[in-house]
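What follows is a single structure, written as structure tokens, with notes after it.
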Amino acid sequence: MSDLIDYHGIKISLSGKLILDIDHLAVKAHQCTLVTGQNGSGKTTLFKIMSGLLRPDSIQVDYQGRQMNWKQAKPVLQRDIIYLHQQPYLFDASVADNVAYGLYRRGESKNSVQKKVFQALDWANLSHLAQRHAKHLSGGEKQRVALTRARILAPSLLLLDEPTASMDNEAKQQTAYLLQRLKEEGVCVVISSHESHTVDHLADHHLCIEHGKITALEPVKQSAKVTVLNHVKNTLSHD
Amino acid sequence: MNDIQQASVAAFELLLSGDQTTWEIISLSFSVSLSAIAIASPLALILAFFLAFFQFPLRRALIALFNTFMSVPAVVIGLTLYLLLSRSGPLGELKLLFTDKAMIIGQILLSFPLLVAMAHAAFQAADRRAWETAITLGAKPWRAFFTLMFEVRFGLIAAVVAGFGRVIAEIGCSMMVGGNILHATRNIPTAIALETSKGEFAQGIALGIMLLIMSLSLNAGVSLFQGKGELRA
């Protein structure tokens with residue numbers, strides 16, 4: 001499987017302390033990478049750099065045949081990569097307006113946006129919430145709306161920061177189901193998670209970060225995935 | 001007591017009869033203050049956003065400076081501007097002293113620190129995820145700025161209303177750089193001061209009533225707007 005994007009020499013220091021020091025990070029196209037690491041290991045910082053939201057001290061990006069420094073890469077990363085916060089932020093508007101936000105920023109016509117939003121909400125089984133105010137949703141619903149809002153823009157890479165944290169079992173199940181469908185659609189996803197049972201079965205690769213450094217990046221064995229998947233199925237059937 | 005009653009009745013008569021001088025003063029007051037706020041607000045909001053969201057040298061010093069200038073007396077701003085605009089001052093050639101333009105400049109200087117400080121507080125209270133979410137969903141920085149402004153609109157409206165409230169009622173600066181010239185630079189506060197000093201209260205009361213109505217309307221408008229927001233939020 002070819003690399004979608006390669007990051008080289010990622011370094012960032014905050015208050016004189018080196019937070020991230022990564023020589024090379026390759027994200028495989030159409031694959032799901034699970035990022036694990038303790039709190040404070042640098043996962044969120046890495047995601048924000050990868051999506052062009054946070055300026056590192058140094059970085060080199062290889063993407064679509066181009067080698068770019070930060071200045072060149074930033075607009076490209078912000079255009080093609082979507083980062084979802086651990087607790088996604090929904091704007092002070094309806095669910096439909098939230099999902100439509102990125103499409104309007106791309107200059108799409110109102111008719112086209114409405115059609116796509118309708119389809120996207122239907123895909124996520126959220127049509128009944130279309131006119132609901134986004135601030136009134138539960139944590140799980142917010143996460144699903146945020147995923148729908150990201151998917152509608154067909155990003156090259158989706159970075160999900162702890163997408164199932166602080167959710168009840170049903171919300172985790174629904175979010176994991178959407179993530180599974182995203183993966184089946186070939187969306188390249190990188191997920192950081194402590195909830196290994198919920199999302200482990202999606203992962204093709206496992207990346208471990210400790211103290212700002214990658215300590216392991218390896219393919220997930222098919223047998224391990226099946227074991228985890230069975231575990232999830234058993235857990236859900238008992239719930 | 002009788003004098004007050006008579007003056008009050010005369011005040012209402014002045015307002016209701018459409019007395020030209022009284023309404024001219026009211027009109028000038030609003031036109032000067034609205035112009036000042038319209039000019040000061042965009043720049044103040046952008047500056048407040050930068051102060052809240054970006055790190056740069058002297059950022060803290062600038063915040064402290066604006067917080068300090070918030071409480072500078074209007075008469076001090078008026079005196080400074082007077083010295084700058086007077087014939088022998090560095091900007092004397094512009095011949096702006098004792099014009100409504102000078103009053104607008106004075107009110108811009110008065111309202112700007114208040115607008116920056118209050119808008120800065122509103123932006124600081126904003127959720128940083130709102131900015132990051134707008135950017136990651138493809139918004140250009142200027143569009144993300146407008147999105148963020150919408151998210152903190154109640155705080156920003158409060159800032160603009162407070163700024164307007166400060167300048168519409170100030171007297172020190174308008175008196176010094178405007179000169180309180182009838183049909184030219186006489187606004188509500190300077191007219192009230194003049195009429196009261198002459199012992200003619202009717203016009204003063206009429207103009208005071210207008211200030212009160214304006215203040216009540218603004219507060220009611222803001223409360224209504226915030227109320228609608230709370231219902232939706």
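Here is the naming used below: chain letters follow the sequence lines, and residue numbers restart at 1 for every chain. All values below come from the heavy atoms of this structure, side chains included, with hydrogens, waters and symmetry mates left out.
- Heavy atoms of other residues, nucleotides or ligands lying less than 6.0 angstrom from CD of A:Gln114 number more than 12.
- Proximity to chain B is absent for every atom of A:Leu159, based on heavy atoms less than 4.5 angstrom apart.
- Within 6.0 Å of CG in B:Leu58 there are 12 or fewer heavy atoms belonging to other residues, nucleotides or ligands.
- Judged purely by atom type and a 3.5 angstrom limit, B:Glu151 uses its side chain to pair as donor or acceptor with the backbone of A:Asp92.
- Rounded to the nearest 0.5 angstrom, B:Thr136 OG1 and A:Leu53 CG are separated by 5.0 Å.
- Atom OH of A:Tyr104 has more than 12 neighbouring heavy atoms from other residues, nucleotides or ligands inside a 6.0 Å radius.
- The environment of CD in A:Glu184 is crowded: more than 12 heavy-atom neighbours from other residues, nucleotides or ligands sit within 6.0 Å.
- With a threshold of 4.5 angstrom between heavy atoms, A:Pro88 approaches chain B through N, CA, C or O but not through any side-chain atom.
- More than 12 heavy atoms of other residues, nucleotides or ligands lie within 6.0 Å of CZ in B:Phe53, so this atom counts as buried by the packing criterion.
- Counting non-hydrogen atoms of other residues, nucleotides and ligands closer than 6.0 Å to CZ of A:Arg55 gives a total of 12 or fewer.
- Listed here is the closest heavy atom pair of B:Gly138 and A:Arg105: O-CB, 3.9 Å.
- One distance of note links CZ of A:Arg106 with CG of B:Leu137; it measures 9.5 Å at 0.5 Å rounding.
- Around the CZ atom of B:Phe69, the shell of radius 6.0 Å holds no more than 12 heavy atoms that belong to other residues, nucleotides or ligands.
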- Query: For B:Glu132 and A:Lys48, what are the C-alpha separation, side-chain angles and deciding distance, and is it a side chain to side chain contact (heavy atoms under 4.5 Å, CB included)?
  - Reply: CA-CA 9 Å; B:Glu132 291 177 345; A:Lys48 288 191 178 180; 3.1 Å; yes
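- Separation of atoms CG (B:Asp127) and CG (A:Leu90) is listed at 11.0 Å; rounding is to 0.5 Å.
- In this structure, A:Gln87 CD and B:Arg129 CZ are separated by 6.0 Å, a value rounded to the nearest 0.5 Å.
- Here the closest non-hydrogen pair linking A:Tyr101 and B:Arg143 is OH-O, 4.3 Å.
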